[in-house]
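Order of the sequence lines fixes the chain letters, A, B, ..., with proteins taken first and strands second; residue numbering starts at 1 for each chain.
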Amino acid sequence: MTEEPAAALDRAFFDRPPVAVAPDLLGRLLRCTLPSGTVELRLTEVEAYAGPDDPASHAYRGRTARNAVMFGPPGHAYVYFTYGMHFCLNLVCGPADHPGGVLLRAGRVIEGVDPARRRRSTSRRDQDLAQGPARLALALGVDRTQDGEDVVAGPVFRLLPGSPPPPAQVRSGPRTGVSAAADTPWRFWIDGDPTVSPYRAHTARRRPAGR
DNA sequence: GGTAAGATCCGCT
DNA sequence: GCGGATCTTACCT
């Protein structure tokens, strides 16, 4: 009686533009298996980032060493380091000549609460464990080591069908923390879910000391 | 070689 | 609600 692993989403799932993939990711299950523990979460908030046409996308200025994975095959993880201390996890999607991705902004941990809580020592409630993109990456144990990992059938990640919410519960709005293309409603979330991160408009960084 | 801004989070007021 | 932490990336000279 071997337990059959649940069927993963088809690879063609990611062979669509980010704006089409993003809302379709809501309610899906992402499982991450690492030596430090296995964590599975239900995605509740995502953001789409397109390619050269999207000034907010890391792919906007062309291929670099950092964003090379975005220009590779869809269905892989793009992990970047930001603000000097945080990692964020994206899923690469769209045709190879239209590099894009979906930022995973929030989710509800449904398995592996213990390892997630160990990594998120400051988190008080279960709903806070993956509430926000950097928190989500930390709860899963993701860092740059996972950059480029296969999300469909890789040893680390596995994306499962899960239970998509009814269309009426899917909401959209401006992307968070983005100064460019702020009027593009490419952030999608499950309405009323407590794990969705609070919206915060982009705030300009204060001038360095010394006036 | 220097510098400014960044797909953020947390603690304090 | 506001500002500090902390460092990588990319653009400018």
Between the protein and nucleotides 9-13 of chain C, which nitrogen or oxygen pairs come in under 3.5 angstrom?
{"from": "C:dA10", "atom 1": "OP1", "to": "A:Thr64", "atom 2": "OG1", "distance (Å)": "2.7"}
{"from": "C:dC11", "atom 1": "OP1", "to": "A:Arg61", "atom 2": "NE", "distance (Å)": "3.2"}

Practice prompt. From the options A:Thr145, A:Val151, A:Leu34, select the one residue that forms a side chain to side chain contact (heavy atoms under 4.5 Å, CB included) with A:Val156.
Written response: A:Leu34

What is the separation between atom [atom1] on [X] and atom [atom2] on [N], rounded to the nearest whole Å?
X	N	atom1	atom2	value
A:Asp143	C:dT8	CG	P	13 Å
A:Arg105	B:dC9	CZ	P	7 Å
A:Leu136	B:dA7	CG	P	17 Å
A:Phe87	C:dC7	CZ	C1'	11 Å
A:Glu45	B:dT8	CD	C1'	13 Å
A:Asp128	B:dC10	CG	P	9 Å

Looking at [X] and [Y], does any basic side-chain N land under 4.0 Å from a carboxylate oxygen?
X	Y	value
A:Arg16	A:Asp24	yes
A:Asp126	A:Arg117	yes
A:Asp150	A:Arg11	yes

Practice prompt. Can you tell me which stems involve DNA chain C, if a stem is defined as three or more consecutive Watson-Crick or G-U wobble pairs, both distances under 3.5 Å?
Written response: B:1-6 with C:7-12, B:8-12 with C:1-5

Worksheet item: Contact class for A:Arg124 vs. all strands (heavy atom < 4.0 Å): base, sugar-phosphate, or nothing?
Response: nothing

Worksheet item: So what does A:Ala134 touch, heavy atoms closer than 4.0 Å: a base, only the sugar-phosphate, or nothing?
Response: sugar-phosphate

Worksheet item: So, is A:Arg187 close to the B:dA7 phosphate, meaning a side-chain N or O under 4.0 Å from OP1 or OP2?
Response: no

Worksheet item: Within less than 4.0 Å of OP1 or OP2 of B:dC10, is there a side-chain N or O belonging to A:Arg135?
Response: yes

Worksheet item: Is A:Tyr49 stacked on the base of B:dA7 when the test is centres under 5.5 angstrom and planes under 30 degrees?
Response: yes

Fill in: Pi stacking test for A:Tyr83 and B:dG6: under 5.5 Å apart, planes under 30°
yes

Between N or O atoms, less than 3.5 Å apart, protein on one side and nucleotides 11-13 of chain B on the other: list the pairs.
none

Fill in: Row check, A:Phe87 ring normal vs A:Arg144 NZ/CZ: under 6.0 Å, within 45°
no

Worksheet item: Minimum heavy-atom separation for A:Ser197 to A:Ala106, with atom names?
Response: N-CB, 4.2 Å

Worksheet item: Nearest to the side chain of A:Met70 - B:dC9, B:dA7, C:dA5?
Response: B:dA7

Discussion item. Between A:Thr33 and A:Arg158, is there a side-chain donor-acceptor contact under 3.5 Å, judged purely by atom types and distance?
Written reply: no

Item to complete: Sequence neighbours left out, what passes side-chain hydrogen bond (donor to acceptor under 3.5 Å, both in side chains) with A:Ser172? Give chain and number order.
Response: none

Worksheet item: Ring centres of A:His58 and A:Tyr49 under 6.0 Å apart?
Response: no

Fill in: Side chain to side chain, A:Glu111 and A:Val39, heavy atoms closer than 4.5 Å
no

Discussion item. Per the salt bridge (Lys or Arg N to Asp or Glu O under 4.0 Å) rule, what does the pair list look like for residues 173-184 of chain A, sequence neighbours excluded?
Written reply: A:Asp54-A:Arg175

Worksheet entry | For A:Val196, side-chain contact (heavy atoms from CB on, under 4.5 Å) partners two or more places apart | A:Thr44, A:Glu45, A:Arg187, A:Trp189, A:Asp193

